[in-house]
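Structure, as structure tokens:
Numbers here are sequence positions counted from 1.
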Amino acid sequence: MPELPPPITVVGIGADGWPGLAATSRAALRDAEVIVGGPRQLDLLPTDEVTAERVPWPSPLRPAVPALFAAHAGRRVAVLASGDPMFFGIGRTLAETVGADRLRVLPHPSSVSYACARLGWPLEATEVVSLVGRPLDTLALALHPGRRLLVLSADAATPAAVAALLTERGYGTARLRVLEKLGHARERQLHGPADGWPHPPGDALNLVAVELGDGPRSSLVPGLPDAAYESDGQLTKRHVRAATLAALAPSPGELLWDVGGGSGSIAIEWLRAHRDCQAVSVERDAVRAGRIARNAATLGVPRLRVVTGRAPAALTELPTPDAVFIGGGLTAPGLLDSCWAALRPGGRVVANTVTLESEALLTEWYRRHGGELVKLAVAHAVPVGGFTGWRQAMPVTQWSAVKPDTGRPDTGRPDTLQEDAS
């Protein structure tokens, strides 16, 4: 058998540097021939005890990882990470690029653990939002009255940016505490309200603790009010949207194609279902595509990828979807065929229409592939003179189906979406 390469030792280190490391971590760094890390972390190591070659991370980091370790093949390599390497840290990137079986991870208390210890907050009841390498609007998804948040800062300017966003989103009364250099002898805290945050930028190594008071309430389930979206009228309305998301059945880590994005509501509420969900919204109109991006940022999911182009041509380079929603353009030649062909086995397709021509097409696909064909009708109570009556919205025909698993024949009938999903 070929000799296995030495493991890559990933050592978590805190703001207290070398003195704060456990004996096992110190021994691993003394034994290393090469140590990779950020310049700040590398500077924490004593030159008299740690004699390894020091290699700063290249930028961009992720694509350079395989070549970096290949260049030091056969040598004892250690990697420095901030705090716990597997908590919003470099450990995940390494596990995904070089393989978890090649790693030996020696964690240090994370900044979140330190913060909860200082604040007396139960870690399991505190939501953590990372703004390291992520847009500020990511924070919006976590804003709910009375909640506690810990925000991992990107730099010294993050606390003021967080305060400004909270104020803009109606949480100006929120109380902020900035915890700098946690675990270091010069650790300090700064306090203040979001509205009128009084402190200039301090240390770049900081975390923001947020206690949200009163503010706008936002639902966790699909079916946000229509008014939550900027729209020119091309919007899947609230009740139909809730039924559509139920049929799409988002699950963590899955990818949705939202074809004919309109205002982006289906993709946005898919992403709001779980932080690991992914979505691509395809919209041919550039003005609407810009509107989709703005809606996604406002509603806390700026990670939505918006593709401006006409389907099905715009779909050819997209990654394989776990679910597809078609909200417009059903009669475009080859659109349904392209979406069905691209969908992974076991994936879901949902298509909505209000026109007879598209309804006829969905009826044919229902005949060929089974699934469910339903008509959704919603009426709203409105004034009628001095009385109240019903105003009927245009009924929506919805077809939903699960693509058969590879090797399993398509019977053309009636496994329902719910039965397949179970």
Rounding to 0.5 Å, atoms CG (D276) and CG (L271) come to a distance of 11.0 Å

Applied to residues 73-88, the side chain to side chain donor-acceptor pair (under 3.5 Å) test, sequence neighbours excluded, yields D31-R76, R40-S82, Q41-S82, E53-R75, H72-R75

In short, L299 meets A228 closest at the heavy-atom pair CD1-O, 4.1 Å

Quick check: do H369 and V349 have side-chain heavy atoms less than 4.5 Å from each other?
no

*side-chain contact (heavy atoms from CB on, under 4.5 Å) evaluation trace for L152 with L207*: CA-CA 5 Å; L152 305 183; L207 175 152; 3.6 Å; yes

### Query
Taking the side chain as C-beta and beyond, is there a heavy-atom pair between W340 and V324 under 4.5 Å?
no

Item to complete: Identify whether the distance between the nearest side-chain nitrogen and carboxylate oxygen of D203 and R188 falls below 4.0 Å.
Response: no

Contacts satisfying side chain to side chain donor-acceptor pair (under 3.5 Å) that involve residues 133-143 (not counting sequence neighbours) are S130-R134, D137-R169

Check: Heavy-atom distance under 4.5 Å between the side chains of V128 and F88, does that happen here?
Finding: yes

Here the pair of heavy atoms bringing A78 nearest to L29 is CB-CD2, 4.0 Å

Closest non-hydrogen atoms of W121 and A209, given as atom of the first, atom of the second and distance, are CH2-CB, 3.7 Å

Just distance, no hydrogens or angles: give the donor-acceptor pairs under 3.5 Å from side chains in residues 243-255, sequence neighbours left out.
{"unit_1": "T244", "atom_1": "OG1", "unit_2": "V240", "atom_2": "O", "d": "2.8"}
{"unit_1": "T244", "atom_1": "OG1", "unit_2": "N352", "atom_2": "ND2", "d": "3.0"}
{"unit_1": "T244", "atom_1": "OG1", "unit_2": "Q398", "atom_2": "NE2", "d": "3.1"}
{"unit_1": "E254", "atom_1": "OE1", "unit_2": "S251", "atom_2": "N", "d": "3.3"}
{"unit_1": "E254", "atom_1": "OE1", "unit_2": "R348", "atom_2": "NH1", "d": "3.4"}
{"unit_1": "E254", "atom_1": "OE1", "unit_2": "R348", "atom_2": "NH2", "d": "2.7"}
{"unit_1": "E254", "atom_1": "OE2", "unit_2": "R348", "atom_2": "NH1", "d": "3.3"}

Is it true that, when you exclude R26 itself, more than 12 heavy atoms of the residues, nucleotides or ligands shown sit nearer than 6.0 Å to its CZ?
yes

message = Tell me whether T236 contacts the main-chain N or O of R241 through its side chain, where contact means a donor paired with an acceptor under 3.5 Å.
response = no

* **Heavy-atom side-chain contact between L336 and L362 under 4.5 Å** => yes

The reported gap from CZ in F325 to CG in D258 (rounded to nearest 0.5 angstrom) is 6.5 Å

Check against side-chain contact (heavy atoms from CB on, under 4.5 Å), W18 and L44: CA-CA 6 Å; W18 184 256; L44 295 174; over 6 Å; no

Per-pair distances, 0.1 Å, donor-acceptor, side chain in residues 58-66, under 3.5 Å, sequence neighbours excluded:
{"unit_1": "R62", "atom_1": "NH1", "unit_2": "E96", "atom_2": "OE1", "d": "3.3"}
{"unit_1": "R62", "atom_1": "NH2", "unit_2": "E96", "atom_2": "OE1", "d": "2.6"}

Closest non-hydrogen atoms of I292 and G264, given as atom of the first, atom of the second and distance, are CG1-N, 3.6 Å

Would you find a donor on one side and an acceptor on the other, under 3.5 Å apart, between the side chain of D226 and the backbone of Y229? no

Taken to the nearest 0.5 Å, the spacing of R92 CZ from L103 CG works out to 14.0 Å

Residue set satisfying ring-ring contact (aromatic ring centres under 6.0 Å, His included) with W197, at least two apart, ordered chain then number -> H199

**Item:** Atom CZ of R284 with >12 non-hydrogen neighbours under 6.0 angstrom
**Value:** no

Correct closest heavy-atom pair for G328 and L335 would be O-CD2, 3.9 Å

Could you pull out all donor-acceptor pairs under 3.5 Å where a side-chain atom in residues 109-119 meets a protein atom, sequence neighbours excluded?
{"unit_1": "S110", "atom_1": "OG", "unit_2": "V112", "atom_2": "N", "d": "3.4"}
{"unit_1": "S110", "atom_1": "OG", "unit_2": "S113", "atom_2": "N", "d": "3.1"}
{"unit_1": "S110", "atom_1": "OG", "unit_2": "S113", "atom_2": "OG", "d": "3.3"}
{"unit_1": "R118", "atom_1": "NE", "unit_2": "E187", "atom_2": "OE1", "d": "3.4"}
{"unit_1": "R118", "atom_1": "NE", "unit_2": "E187", "atom_2": "OE2", "d": "2.7"}
{"unit_1": "R118", "atom_1": "NH2", "unit_2": "E187", "atom_2": "OE1", "d": "3.0"}

So for atom CZ, which belongs to R30, do other residues, nucleotides or ligands contribute more than 12 heavy atoms lying within a distance under 6.0 Å? yes

With sequence neighbours left out, the residues meeting salt bridge (charged side-chain N to carboxylate O under 4.0 Å, His left out) with D195 are none

ring-ring contact (aromatic ring centres under 6.0 Å, His included) filter on H239, not counting sequence neighbours, yields H380

- Query: Do L141 and E127 come within less than 4.5 Å of each other through their side chains, counting heavy atoms only?
  - Reply: no

Taking every heavy atom of L235 against every heavy atom of S263, the minimum-distance pair comes out as CD1-CB, 3.8 Å

Parallel, tilted or perpendicular: which fits the ring planes of F69 and W57, with parallel below 30° and perpendicular above 60°? perpendicular

CD (Q234) and OG (S265) are apart, to the nearest 0.5 Å, by 10.5 Å

Paired with L166, the side-chain contact (heavy atoms from CB on, under 4.5 Å) test is passed by just one of V208, L149, L212, T173, namely L212

4.5 Å side-chain heavy-atom contact, R177 and E211
yes

Counting N and O atoms only, with roles assigned by atom type, does the side chain of K181 sit under 3.5 Å from a partner on the main chain of D16, one being a donor and the other an acceptor? no

Of P159, S153, P201, the one forming a side-chain contact (heavy atoms from CB on, under 4.5 Å) with V178 is P159

Might you work through the side-chain contact (heavy atoms from CB on, under 4.5 Å) test for L256 and C277, ending with a clear yes or no? CA-CA 8 Å; L256 170 74; C277 286; over 6 Å; no

field: Ion pair check, E180 and R186, cut-off under 4.0 Å
entry: no

So salt bridge (charged side-chain N to carboxylate O under 4.0 Å, His left out) across residues 99-112, not counting sequence neighbours, yields none

Residue pairs passing the ring-ring contact (aromatic ring centres under 6.0 Å, His included) test with at least one member in residues 243-290, sequence neighbours excluded, are none

dist I13:CD1 -> L106:CG (nearest 0.5 Å) comes out at 12.0 Å

The side-chain contact (heavy atoms from CB on, under 4.5 Å) partner of S358 among T397, I326, L330 is L330

Salt bridge E269-R272, side-chain N to carboxylate O under 4.0 Å: no

In short, salt bridge (charged side-chain N to carboxylate O under 4.0 Å, His left out) pairs touching residues 300-325 with sequence neighbours left out are D322-R344

Residues passing the side-chain contact (heavy atoms from CB on, under 4.5 Å) test with S219, sequence neighbours excluded, are V221, L224

Steps toward side-chain contact (heavy atoms from CB on, under 4.5 Å) verdict (L143, S218) = CA-CA 8 Å; L143 302 183; S218 178; over 6 Å; no

